[in-house]
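Let me begin by presenting the structure, written as structure tokens, before commenting on it.
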Amino acid sequence: MCRCKHETPQSRRTKKPAILIVSLVLLLVAAVGGTVAYLQTISDQVTNTFTPAEVKIDPYEETTPTSKSNIKFQNTGDVPVYIRATLAIYWKDDEGNIVPKPSDGKVEGGSVQDGWTQDGHIFYYNPKVAPGKWTDPMLSTITVTYPDGYTCYIDVHAEAIQAEGWGDSMDTAQEAWAAAKEA
């Protein structure tokens, strides 16, 4: 008795499609790999040139023991910005304690100047400020009268936001800040 395997016509028919499919897959892989290799050798390399924007401002003010004036800001970044600012006014006694405003202490002046809009305690400079440019002064001169034993402090806090990229309809700093808050 012979234990040899003999191919039957049916087993030959099932091997041919399998060999054909494997051959086609290998041919396809070789073609795709060759195309990718070719394209990599003839294509110039592209480098991502994205540079993030720098948003930066520097404040300027003139102060004396009894006044603060010419409060303005320079855009020292590299893109146009919108600027907003707040004032913190507080009193200290001679020992350095923060105290309520003395009854005979006064803070006068400080009216909003052209280009600026006040909304509550926030002052917005509405024109876009180009790199290297300054805002107009924020407030008229602020004068302080304080009694002996007390000092008045007026701190200016400001921040800037990129003026572009918030949509085409942004005409004021307030609109840009509102859009940034929602983003």
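N75 and G77 get closest at one heavy-atom pair: OD1-N, 2.8 Å. When every heavy atom of T141 is checked against every heavy atom of S69, the shortest pair comes out as OG1-CB, 3.3 Å. When all heavy atoms of P147 and D104 are compared, the closest pair comes out as CG-OD1, 3.2 Å.
Take E54 and apply the salt bridge (charged side-chain N to carboxylate O under 4.0 Å, His left out) test, not counting sequence neighbours, and it matches no residue. In this view, Y150 satisfies the ring-ring contact (aromatic ring centres under 6.0 Å, His included) rule with no residue, not counting sequence neighbours. With sequence neighbours left out, K72 forms a salt bridge (charged side-chain N to carboxylate O under 4.0 Å, His left out) with no residue at all. Shown here are the salt bridge (charged side-chain N to carboxylate O under 4.0 Å, His left out) partners of E108, two or more places apart in sequence or in another chain: there are none. Partners of Y90 under the ring-ring contact (aromatic ring centres under 6.0 Å, His included) rule, at least two apart in sequence or in another chain, are Y153.
With hydrogens and angles disregarded, a donor-acceptor distance shorter than 3.5 Å links the side chain of S140 to the backbone of S111. Side-chain atoms of D119 never come within 3.5 Å of backbone atoms of F123 as a donor-acceptor pair (strictly under, hydrogens ignored).
For the salt bridge (charged side-chain N to carboxylate O under 4.0 Å, His left out) condition, the pairs that include at least one residue of residues 59-71, sequence neighbours left out, are E61-K68.
For the 3.5 Å distance criterion, the side chains of D136 and Y125 qualify, holding a donor opposite an acceptor.
A side chain to side chain contact (heavy atoms under 4.5 Å, CB included) with P80 is found for one member of E164, K133, Q162 and no other, namely E164.
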